[in-house]
Amino acid sequence: MTLKVYNTLTGEKEGFLPLRKDRVRMYVCGVTVYDDCHLGHARCYVAFDAIYRYLKYKGYRVKYVQNITDVDDKIITRAREEKDQGSRSLKALVREVAQRYTKEYFKWMDYLKVKRAALYPKATEHIGDMLKLIQRLLDEGYAYEVDGDVYFDISKFPSYGKLSGRSIDEMRAGARVEVDERKKNPLDFALWKRAKEGEPSWNSPWGEGRPGWHIECSAMSMKYLGESFDIHGGGEDLIFPHHENEIAQSESYSGKPFVKYWLHNGFVTTRGEKMSKSLGNIFTLKELFQEFPDPEITRLFLLSMHYRSPIDFTKEKLVEMEKHLSHFYNLLDFILQIVKGKLSKRRIDPESLSKEEKGLYQEIQKTDKEFDQAMDDDFNTARALASLDSLVKVANTLKDNPKVGRNKALLSKVYRLLKEKGEILGFFEGHCWKEMIRVPDREEIESLIAQRDRARQEKDWGLADRIRSDLKKRGIILEDHPEGTTWKKIKKSCPII
RNA sequence: GGCGGCGUACCCAAGUGGUUAAGGGAGCGGUCUGCAAAACCGUUAUUCAUCGGUUCGAUUCCGAUCGCCGCCUCCA
């Protein structure tokens, strides 16, 4: 089966063929560390996390790099706002703000089970690489200097606009930018900005200053992944101008195609409008986890839709996701308790199965195939998830049927498949029997359940119901089955808030 | 103004040029159960914004119209 990806550059789904066999080099634009993480960030990094995981699952060796923008206007603005309390310099505060929000970023992404990239290069640690790049662009006439600012001259890059599908003329006509008279073309963008009083700055051949935003991604991606690499991703708002500019700089610099596949994720909206600071409709991850502490609920919400579609956020949807997620867990819990925590390793001979068992066996094969087919189709996580639903359905239909319910080998196979596919999307990680066994009050819970069972046998419903409701208050939900009572624990709060 | 995307049941959301238009949530009816929980069964789009065109055949391709959204300014 071959993987197909939608490439913003060509506007088409293309067969995925990395530049080097079996190896994938992937860069995703990271965060500017100046404020709390919100759902929009989660959407982007969860989407690319699923992509990253799937590529590895397909057998590629993936080198994943994500930058951290730790110097820029917004960080400086933020530092200025915090300035009055202390006597520390603006420079020190900029550093502190950047460090604080970098830490926050990792905290939330880790909690969301986003796998770490191989490298997180920081802009401030790569100024030298950027200077080298800018110098060459100047030397070769792709850039020009005005009063300590350096601009890229887009007229020197004929294919400018190829990513966003616009022509320079169109853009000039519709430009809403204030025209800077010093620029040759209104669309020329800064490679280097002359320092302003008190702001962080570095020495350069054009005087004290700091890098423009776009140059850091060119410098760092090429440094760690080479002048041509496979995947470059980010939010769709970055298509223009950020990624367009990266292409112009990088290709002018190297003379080679910069990136083979450009991937962009759609936005999170609330009530149909883009989540943004100016509209004040942002949900931070902290707010979200306070109410919905299980990170998999948020992941399910984000991955229930295709990564390129816009996704509208409401709390009601998270409630739905919570229920949907519990369907998986109910089955996983059930299987685990039926096999008493020990999955069967016995090989299954399809010929020896009963008709019912065979039905489930075939469903397992089908799900295995369909999940991968969905993911191969431009990482269609929505469809992939739906394939798991149908396995759960068939397994549930048969689980109370003694002919199937007792087949531990078969149920173990269902469990393993769900875990294997779930892992690609970052699900069911909080659920392996070792972890369940480790619930600190497990023995006490199980002895209470045994006590309740005796009460039920004696038809002492009052006592039985009291035990059940006491446990419920502790977040333990009981389920009675013909084989006995199973239980599960509900996550009640987010441990890192 | 330019460029791009979207419009599928009560809600969310996949999808395909042609036998029954996935899946999830919700509702209703039922099964199971001491009760619950979980789960299962049945049911809720003769139809895919509207109008035309191409075609033997379109929800899927093309065009127009209406509505919504994004980018063109920092933004995941």
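Naming: A, B, ... by sequence-line order, numbering from 1 per chain. Keep in mind that the numbers below use all heavy atoms, side chains included, and drop hydrogens, waters and symmetry copies. These numbers were taken from a predicted model, which means no experiment stands behind them.
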Would you give a per-nucleotide map of nucleotides 7-12 of chain B, 5' to 3', where B means the base has a protein non-hydrogen atom under 4.0 Å away, S means only the sugar-phosphate does, and - means neither?
-----S
Contact letters for nucleotides 27-40 of chain B, in which S counts primed atoms plus P, OP1 and OP2 and B counts the base, heavy atoms under 4.0 Å
-------BBBBSSS
Parallel, tilted or perpendicular, judged at 30° and 60°: which one describes the rings of A/His324 and A/His327?
perpendicular
Nearest-angstrom distance, [atom1] atom, [N] to [M]:
| N | M | atom1 | result |
| --- | --- | --- | --- |
| B/C12 | B/U44 | C1' | 16 Å |
| B/G15 | B/C6 | P | 11 Å |
| B/C61 | B/G2 | P | 24 Å |
| B/C10 | B/U50 | C1' | 22 Å |
| B/U43 | B/G24 | P | 15 Å |
| B/U33 | B/G25 | C1' | 25 Å |

Whether A/His41 contacts B/A76 is assessed here as follows: a side-chain N or O lying under 4.0 Å from the phosphate OP1 or OP2. Is that the case?
yes
If you only use heavy atoms from C-beta on, which nucleotide in B/A76, B/G70, B/G23 is closest to the side chain of A/Glu273?
B/G70
Any donor and acceptor pair, going by atom type alone, linking the side chain of A/Asn67 with main-chain N or O of A/Pro121 inside 3.5 Å?
no
Mark yes or no for whether A/Glu370, through its side chain, and A/Ala386, through its backbone, hold a donor-acceptor pair below 3.5 Å.
no
A/Phe189 ring center near A/Trp213 ring center (under 6.0 Å):
no
Figure out the CD1/C1' separation between A/Ile311 and B/A13, and round it to whole Å.
10 Å
Centre of A/Phe106's six-membered ring, under 6.0 Å away, within 45 degrees of the axis: is that where NZ or CZ of A/Arg116 sits?
yes
